[in-house]
K.L.:
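Okay, handing you the structure first.
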Number of protein chains: 2
Amino acid sequence: MATEHSTTIVQPGRGRALLPARDAGVERIAKFFRALGDPTRLRLLEFLLDAEHTVSECVELVGLSQSRVSTHLACLTDCGYVAARREGRFTYYRVTDPRVAELVFLAHALAADNATALEACMRIAPSPESVVTSAASEGRRGRSPGVRGARS
Amino acid sequence: MATEHSTTIVQPGRGRALLPARDAGVERIAKFFRALGDPTRLRLLEFLLDAEHTVSECVELVGLSQSRVSTHLACLTDCGYVAARREGRFTYYRVTDPRVAELVFLAHALAADNATALEACMRIAPSPESVVTSAASEGRRGRSPGVRGARS
DNA sequence: TTGACATATCCGGATATCCGGATATTATCG
DNA sequence: CGATAATATCCGGATATCCGGATATGTCAA
């Protein structure tokens, strides 16, 4: 059905469903939520809710490489969660829109009421080998497991 | 830096930062947001905000395989966004907590005020080959590009 | 101008996450 | 009981996303 090229297009628009129209908005909101789906970014955001901070301070907080933290902050900025203010060699980041705090607060409240279920939710991405993975490696990497990876 | 085994542990807890404590909560909230970071799940959630629907109806809405839709709905249920009600061979899903609508509404409002920047946000995951990828393949797959994948 | 500091961007490498197809499960109907 | 319908779960396969290290960019001080 149709060729659907999209040569240089950056945003494929997923596997084309029955209602292609009005879908564009959903993709945007999803991206918006995805930005907070990473523990590090969420931590940084909460850190920037209280006060203004430099990249270095953020690096010290999360303990990741400067390059990664810088990128995470750039992402939060692009998504409109925080604002960047350059002053000399430093760049100060902070949350300016009060609705951001509302969003985070609301999520905390909702998640709190479903802590147990959420904690157990492992679906959506079972992971390649999972069982007996015994990731006894040196603790390198690690990322975040995933939303409902089901296994047992 | 210690051995850090975590043999059979399912939730590694990412690369251990400077403040291991209180971090557990962040991971949970991040997972909570991640659930809405997928366009399909978000679409299903908005679909279930208005009324109760069966898996089949959801499949028809998004146009993906029944197995995938079923898993997506299970994920939303686990995360506490929707409730499932079994009646005979059918399973009816729906949003019960009014705060979910608030959360979605708030996100729409915030994202709307940053539509342009958000649309351009391609960071965090540059993608392997990107340049001149000219994904002229058969349009198979597609998923969602990503939050700020930077490329030019 | 040169050197040091604070950030930003680029580059492979390692996972997490998503997808469809096959199969298992549960329930209704004849 | 056997067949069919509606869901749920399992399995490889394909990407998106994250990470650290190297490098580029911009700023201030001597």
Side-chain angles (χ1 to χ4, degrees), chain A residues 10-12 14-15 30-31 34-35 37-41 54-59 62-75 77 84 86-93 122-131 133 135 137 140-152, chain B residues 10-12 14-15 30-31 34-35 37-41 54-59 62-75 77 84 86-93 122-131 133 135 137 140-152:
Chain A
V10 192
Q11 306 278 71
R14 106 184 325 268
K31 186 193 289 185
R34 223 177 310 156
D38 180 79
T40 299
R41 279 196 294 270
T54 66
V55 177
S56 302
E57 294 173 331
C58 291
V59 168
V62 302
L64 293 184
S65 70
Q66 179 270 317
S67 69
R68 200 96 302 267
V69 174
S70 179
T71 307
H72 277 317
L73 289 171
C75 174
T77 303
R86 187 99 197 211
E87 187 176 319
R89 285 174 289 182
F90 302 85
T91 301
Y92 292 91
Y93 287 94
M122 292 288 163
R123 305 228 174 186
I124 291 301
S127 95
E129 332 167 33
S130 38
V131 192
T133 305
S137 47
R140 238 174 81 53
R141 272 306 140 40
R143 267 181 90 180
S144 295
V147 178
R148 195 156 185 157
R151 201 67 274 275
S152 70
Chain B
V10 191
Q11 305 278 70
R14 103 185 326 269
K31 186 192 290 185
R34 223 178 311 155
D38 180 80
T40 300
R41 279 196 295 270
T54 66
V55 177
S56 302
E57 293 172 333
C58 291
V59 167
V62 302
L64 293 184
S65 70
Q66 178 270 319
S67 69
R68 200 93 305 265
V69 174
S70 178
T71 308
H72 277 316
L73 289 171
C75 173
T77 303
R86 186 100 197 208
E87 188 175 319
R89 286 174 289 181
F90 301 86
T91 302
Y92 293 91
Y93 287 93
M122 291 288 160
R123 305 227 175 188
I124 291 299
S127 96
E129 333 168 32
S130 37
V131 193
T133 305
S137 46
R140 241 175 77 56
R141 274 303 139 41
R143 266 181 92 180
S144 294
V147 178
R148 194 153 184 159
R151 203 55 289 263
S152 59

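On a predicted model such as this, the values are computed, not experimentally measured, just so you know. Proteins come first, then strands; the chains are lettered A, B, ... in the order of their sequence lines, and each starts at number 1.
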K.L.:
Quick one: A:D38 CG to D:dC19 C1', roughly how many Å, whole number?
P.N.:
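About 11 Å, once rounded to whole Å.
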K.L.:
Below the 4.0 Å mark, does D:dC19 have OP1 or OP2 next to a side-chain nitrogen or oxygen of A:T40?
P.N.:
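Yes, because at least one side-chain N or O of A:T40 sits under 4.0 Å from OP1 or OP2 of D:dC19.
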K.L.:
Of all the heavy-atom pairs spanning A:G37 and B:R34, show the shortest one and how long it is.
P.N.:
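Where A:G37 meets B:R34 most closely, the heavy atoms are O-NE, 2.9 Å.
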K.L.:
If you compare every side-chain N and O of A:T54 against the phosphate oxygens of C:dA6 (OP1, OP2), does one of them come in below 4.0 Å?
P.N.:
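For C:dA6, neither OP1 nor OP2 has a side-chain N or O of A:T54 closer than 4.0 Å.
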K.L.:
Expressed as a whole number of angstroms, how long is the span from A:F90:CZ to C:dA8:P?
P.N.:
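It is 12 Å, rounded to the nearest whole Å.
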K.L.:
Taking the minimum atom-to-atom distance to the side chain of B:L64, which one of C:dC19, D:dT7, C:dT7 wins?
P.N.:
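Within the option list, the nearest is C:dC19.
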K.L.:
Would you tell me if any nitrogen or oxygen in the side chain of B:T91 comes within less than 4.0 Å of OP1 or OP2 on D:dA8?
P.N.:
yes
K.L.:
Let me spell it out: for each of A:R89 and A:S67, pick the nucleotide of DNA chain D with the closest heavy atom. Which residue's pick is nearer the 5' end?
P.N.:
A:S67
K.L.:
Is the shortest side-chain heavy-atom distance between B:T40 and B:L64 below 4.5 Å?
P.N.:
yes
K.L.:
Atom CZ in A:R86, atom OH in A:Y93: separation rounded to 0.5 Å?
P.N.:
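Separation between the atoms: 8.5 Å.
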K.L.:
What is the separation between atom CD on A:E57 and atom P on C:dC5, rounded to the nearest whole Å?
P.N.:
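So the CD-P distance, A:E57 to C:dC5, works out to 17 Å.
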K.L.:
Taking only the side-chain nitrogens and oxygens of B:S70, find out if one of them lies under 4.0 Å from OP1 or OP2 of D:dA8.
P.N.:
yes
K.L.:
Take the protein atom NE2 of A:H72 and the nucleotide atom P of D:dC19, then report the distance between them rounded to whole Å.
P.N.:
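To the nearest whole Å, that distance equals 4 Å.
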K.L.:
So if I take every side-chain heavy atom of A:R68 and compare against D:dT7, C:dA6, D:dC19, which nucleotide ends up nearest?
P.N.:
D:dC19
K.L.:
Looking only at side-chain N and O atoms, does B:Y93 come under 4.0 Å of OP1 or OP2 in D:dA8?
P.N.:
yes
K.L.:
List the atom of B:R41, the atom of B:A35, and the distance in Å for their closest heavy-atom pair.
P.N.:
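Answer, listing the atom of B:R41 first, then B:A35: NE-O, 2.6 Å.
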K.L.:
Tell me which of B:G37 and A:Y92 sits closer to the 5' end of DNA chain C, going by the nucleotide each one is nearest to.
P.N.:
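With B:G37 and A:Y92 compared, the 5'-side residue is A:Y92.
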K.L.:
Take the protein atom CD of B:Q66 and the nucleotide atom P of C:dA24, then report the distance between them rounded to whole Å.
P.N.:
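It is 15 Å, rounded to the nearest whole Å.
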K.L.:
Measure the distance from CD on A:E87 to C1' on D:dG26 and round it to the nearest whole Å.
P.N.:
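Distance, rounded to whole Å: 15 Å.
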K.L.:
Under 4.0 Å between any heavy atoms, over every strand shown, what does B:S65 touch: base, sugar-phosphate, or nothing? Just pick one.
P.N.:
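B:S65: base contact, heavy atoms under 4.0 Å.
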K.L.:
Between CD of A:Q66 and CG of A:L73, what distance do you get to the nearest 0.5 Å?
P.N.:
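If I round to the nearest 0.5 Å, the distance is 9.5 Å.
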